[in-house]
Amino acid sequence: MIDHPHPVLEEDALRMRPSTEDDLARLERWFADPEVYRWWGGRPLTREAVAAKYIGRRCPMVESFIVEFTGQPIGYIQYHLEGPGDAGLDMMLLPEFRDRGLGPRAARMLLAHLASARGWTDITVDPAIDNARAIRGWEKAGFVIEREWPDHPDGPALLMRLRRSVNRVR
């Protein structure tokens with residue numbers, strides 16, 4: 001049961017909408033792509049795992065979105081509640097849509113929503129330590145490296161954090 005509206009976020013040609021059961025085949029395909037799962041757990045996911053984790057079944061603790069650009073689905077982003085006022089983000093874009101600035105834009109859109117609608121001010125991400133593209137993207141979205149996380153469950157990572165005032169949403 002959702003305790004608040006699960007919005008559609010839009011800015012120009014970039015849109016994020018809640019993932020649904022209709023997205024299951026698409027997400028299953030995405031999470032079977034070696035260029036995607038390389039950074040998401042290191043192995044392809046079963047249809048059942050994708051359904052359980054990425055199509056909105058974990059609300060309100062985790063909310064899942066499909067990222068679209070010019071009407072085309074190009075990736076996935078989620079936020080998960082960590083505690084009062086703080087959350088974590090995870091995102092993946094399809095390889096052909098990387099290096100266009102779309103990831104940082106999507107992150108900033110979601111961050112603005114979390115600050116204004118939810119009052120969340122302390123957000124973390126945990127990219128793999130060898131995923132330079134993701135680290136740069138999160139830095140462009142405003143995150144700073146807090147520390148290395150050598151014993152992360154998915155392998156060595158960085159803990160990156162963004163702290164912001166509720167009044168400063170962008």
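Since the structure is predicted, the reported quantities are computational estimates derived from the model, not experimental observations. One is the number of the first residue; the rest follow in order along the sequence.
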Check whether [X] and [Y] end up in the same hydrophobic cluster, where Ile, Leu, Val, Met, Phe, Trp and Tyr are linked by side-chain heavy atoms less than 4.5 Å apart.
| X | Y | answer |
| --- | --- | --- |
| L9 | Y54 | yes |
| L24 | V36 | yes |
| W39 | L159 | no |
| L114 | L81 | yes |
| I145 | L162 | yes |

Measure the spacing between [atom1] of [X] and [atom2] of [Y] and express it to the nearest 0.5 Å.
| X | Y | atom1 | atom2 | result |
| --- | --- | --- | --- | --- |
| Y76 | R26 | OH | CZ | 14.0 Å |
| Y79 | H113 | OH | NE2 | 4.5 Å |
| D33 | W40 | CG | CH2 | 13.5 Å |
| L27 | L45 | CG | CG | 10.0 Å |
| W30 | L94 | CH2 | CG | 5.0 Å |
| L158 | R147 | CG | CZ | 10.0 Å |

Is there a donor-acceptor contact under 3.5 Å from the side chain of [X] to the main chain of [Y]?
| X | Y | result |
| --- | --- | --- |
| R100 | E96 | yes |
| R133 | D99 | no |
| S64 | S19 | no |

Evaluate W120 against D122 for side chain to side chain contact (heavy atoms under 4.5 Å, CB included), listing each step before the verdict. CA-CA 6 Å; W120 292 357; D122 190 0; over 6 Å; no
Closest approach of [X] to [Y] (non-hydrogen atoms, all atoms of both residues):
| X | Y | value |
| --- | --- | --- |
| P127 | I135 | CG-CG1, 3.7 Å |
| F69 | R105 | CE1-NH1, 4.3 Å |
| G137 | P104 | O-CG, 3.5 Å |
| W149 | P153 | CZ2-CD, 4.5 Å |

Would a 4.5 Å heavy-atom cut-off, applied to side chains only, mark [X] and [Y] as touching?
| X | Y | value |
| --- | --- | --- |
| F65 | M109 | no |
| E68 | V8 | no |
| K53 | V62 | no |
| M16 | M91 | no |
| V144 | M160 | no |
| F97 | Q72 | yes |

Around atom CD of E146, are there more than 12 heavy atoms from other residues, nucleotides or ligands closer than 6.0 Å?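 Counting other residues, nucleotides and ligands, CD of E146 exceeds 12 neighbours.
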Run the numbers on L102 and V67 for side chain to side chain contact (heavy atoms under 4.5 Å, CB included), then give the verdict. CA-CA 9 Å; L102 297 170; V67 180; over 6 Å; no
Criterion side chain to side chain contact (heavy atoms under 4.5 Å, CB included) on F143 and L89, from CA distance to verdict: CA-CA 11 Å; F143 288 84; L89 299 184; 4.1 Å; yes
Between R38 and D130, does at least one N-O distance fall below 4.0 Å, as a salt bridge requires?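 Here R38 does not pair with D130 in a salt bridge, since their nearest N and O are not under 4.0 Å apart.
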Intermediate values then yes/no, side chain to side chain contact (heavy atoms under 4.5 Å, CB included), D23 and R17: CA-CA 11 Å; D23 295 306; R17 61 168 176 78; 2.8 Å; yes
